[in-house]
Number of protein chains: 2
Amino acid sequence: MTAPHTNVQKISEMASRHLSSLSVDCVVFGFHKNEMKVLLLKIPYKDEWALPGGFILRDESAENAASRILKERTGLDGVFLRQFHVFSDPGRVKPRDHRDNLTRMNIPENDIKWLCSRFVTIGFYALVDYTRAVPTPDEFTTRSEWRDLTDPGMLMMDHRVIVNTALDTLRLQLNNLPIGYNLLREKFTMPELQKLYETILGRKLDRRNFQRKILSYRILLRLDERKTGVAHKAPVLYRFDYDGYHRALEEGLKGGF
Amino acid sequence: MTAPHTNVQKISEMASRHLSSLSVDCVVFGFHKNEMKVLLLKIPYKDEWALPGGFILRDESAENAASRILKERTGLDGVFLRQFHVFSDPGRVKPRDHRDNLTRMNIPENDIKWLCSRFVTIGFYALVDYTRAVPTPDEFTTRSEWRDLTDPGMLMMDHRVIVNTALDTLRLQLNNLPIGYNLLREKFTMPELQKLYETILGRKLDRRNFQRKILSYRILLRLDERKTGVAHKAPVLYRFDYDGYHRALEEGLKGGF
DNA sequence: TTATCATTGTGTCAAATTAACACAAAGCTT
DNA sequence: AAGCTTTGTGTTAATTTGACACAATGATAA
């Protein structure tokens, strides 16, 4: 180690590699057994959960940081991922609590100092296939789990607000974007897709009207197959039509006025 | 000045007061003579314009920073102001060009160093009453002007992209939000409101259908007055209904599904 | 003073979209 | 084989949207 600036506190590893004051948090939505799920990380020594998040490397974009973090926490690549809001309330972190918690773990003091400084966080939300994601904790957490969106437990800092804002955004986007591609498996049935919409919106939809509307978007491809091994009448399988889906992503699904 | 760290470069004034790596840029929309306007600042020594922007103080939120900046650049308070996107491409600034430009002005070297470091910017858009705003340049610029949105001239860095994204957002929001309150004077006529919508959307709307739709939102109050001194038949004046307007801000104007 | 003319205010009708609803077919369960 | 639940599809009424016509107003021109 060179020592020209003995008085200067060694810059922490984290601080030197990342942009300061800025973080990224991901609200990762999944869908399983007719329930919306969020991917959360367990904070050690506390009955609290946190969103998977991280920092922006000195030469990457926020989008890149978010997809990097998502990949690290789920193993998934190329999923639907969008920024939706910036959370910048100066009081969003309680530095005291935060520091107490970090000192219990083996975090170097310099990193702790950096981690306890003020952060503005960019919220991203992601839609992922529940069956393909492999929840993986990060260096600050002990486990990673899918939690019920309606009852995720205690969340750290303002993460509950972030989740709620993400859900509000998702509900709004539902009318403009072809959601579902990333939340369901490749092949799915119309009732499954409808359940997804109902779950996100939090209300029942008419089966027949739903089908008519969703088909009018021309983003689905009806397969010549039916779901097997299921009770009652076997439903037809669909998958997203690549061209139609991407056209809809660009142009939106409907217009006002 | 104390001198305990002679080796350490003096921390710049800007750096010590603000969060690093983070800025705020405001796309301020106005409406005048059937044209959408954007408020831009003239960069000295260059044929380029910039969005009014600034930095986030150590203990304020991004929203606060944006409205503070807006107030400084327009004199206006309490206007419609929303964050819409974060621009974080590491290549969004050409540090060389930027530095050359700043050195021509009397900016202290420490501030220049800070200003040329990488910044992620939070884009806000504002809707303001053209007649009430007083365009005011900042410490880096020579003049402040309303420019035509369709032909604003050369914009600095990625500011053109920021403006376009803001406009796209505004067009989308038009279907969910009661736009207009902030872009028109307190009392306005139905044709004026329609022109505003047409200008934002970039297409003609049917006069009668427009009126029917806008009235169905119940955000307008018809006054017992007509616009005077105008050619042809005097149009009735309206103003926004406070309650209806704020309800619409909360709940949105229409639902999908 | 009166005619002209562009613009405003309002109503109607057809087309399209949405909401509400019913019944036959399929396939597991008993 | 009968029963039960769920899927697939069509029909009709209500609502919303789009297209359009005509009378009223008030400044301007003749």
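Letters A, B, ... mirror the listed sequences (proteins, then strands); counts begin at 1.
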inquiry  = Protein within reach of the bases, or only the backbone? For nucleotides 20-30 of chain C, mark each nucleotide 5' to 3' as B, S or -, using heavy atoms under 4.0 Å.
reply    = BBB--BBBS--
inquiry  = Please verify the inter-ring angle class for Tyr130(B) with Trp146(B); under 30° counts as parallel, over 60° as perpendicular, anything in between as tilted.
reply    = tilted
request  = Starting from the C-alpha separation in whole Å, work towards a yes-or-no answer on side-chain contact (heavy atoms from CB on, under 4.5 Å) for Val38(A) and Asp148(A).
outcome  = CA-CA 6 Å; Val38(A) 214; Asp148(A) 279 358; over 6 Å; no
key: Aromatic ring pairing Tyr238(B)/Phe188(B), orientation class (parallel under 30°, perpendicular over 60°, tilted between)   = parallel
request  = Starting from P on dT7(C), measure out to NZ on Lys204(B) and report it in whole angstrom.
outcome  = 11 Å
request  = Return no unless some side-chain N or O of Arg222(B) is found under 4.0 Å from OP1 or OP2 of dT10(C).
outcome  = yes
inquiry  = Rounding to an integer number of Å, can you tell me how far Glu192(A) CD sits from dG8(D) P?
reply    = 11 Å
ask   = Between dT7(C) atom C1' and Gln194(B) atom CD, what is the distance in whole Å?
value = 12 Å
query = How are the rings of Tyr181(B) and Tyr245(B) set to each other: parallel, tilted or perpendicular (split at 30° and 60°)?
reply = tilted
query = If you look at every heavy atom in Pro52(B) and Leu41(B), which pair is closest and at what distance?
reply = CA-CD1, 3.8 Å
ask   = Between Met190(B) (CE) and dA24(D) (P), how many Å, whole number?
value = 21 Å
request  = Indicate the ring-plane relationship of Tyr242(B) and His246(B), choosing parallel, tilted or perpendicular according to the 30° and 60° boundaries.
outcome  = tilted
key: Whole-Å gap separating P (dT5(D)) and NZ (Lys227(A))   = 21 Å
inquiry  = Please check: side-chain N/O of Gln194(B) versus main-chain N/O of Leu205(B), any donor-acceptor pairing under 3.5 Å?
reply    = yes
ask   = Side chains of Thr131(B) and Asp129(B): is there a donor and an acceptor less than 3.5 Å apart?
value = yes
query = Can you tell me which stems DNA chain D forms when a stem means 3 or more consecutive Watson-Crick or G-U pairs under 3.5 Å?
reply = C:1-30 with D:1-30
task = Can you tell me the distance, in whole Å, between the CZ atom of Arg203(A) and the C1' atom of dA19(C)?
result = 12 Å
remark   = Atom CD of Gln211(B) and atom P of dA21(D) are separated, to the nearest Å, by 19 Å
key: Interatomic distance where CG belongs to Leu215(A) and P belongs to dT17(C) [whole Å]   = 15 Å
ask   = Is the backbone of Asp158(B) close enough, under 3.5 Å, to the side chain of Arg92(B) for a donor and an acceptor to pair up by distance?
value = no
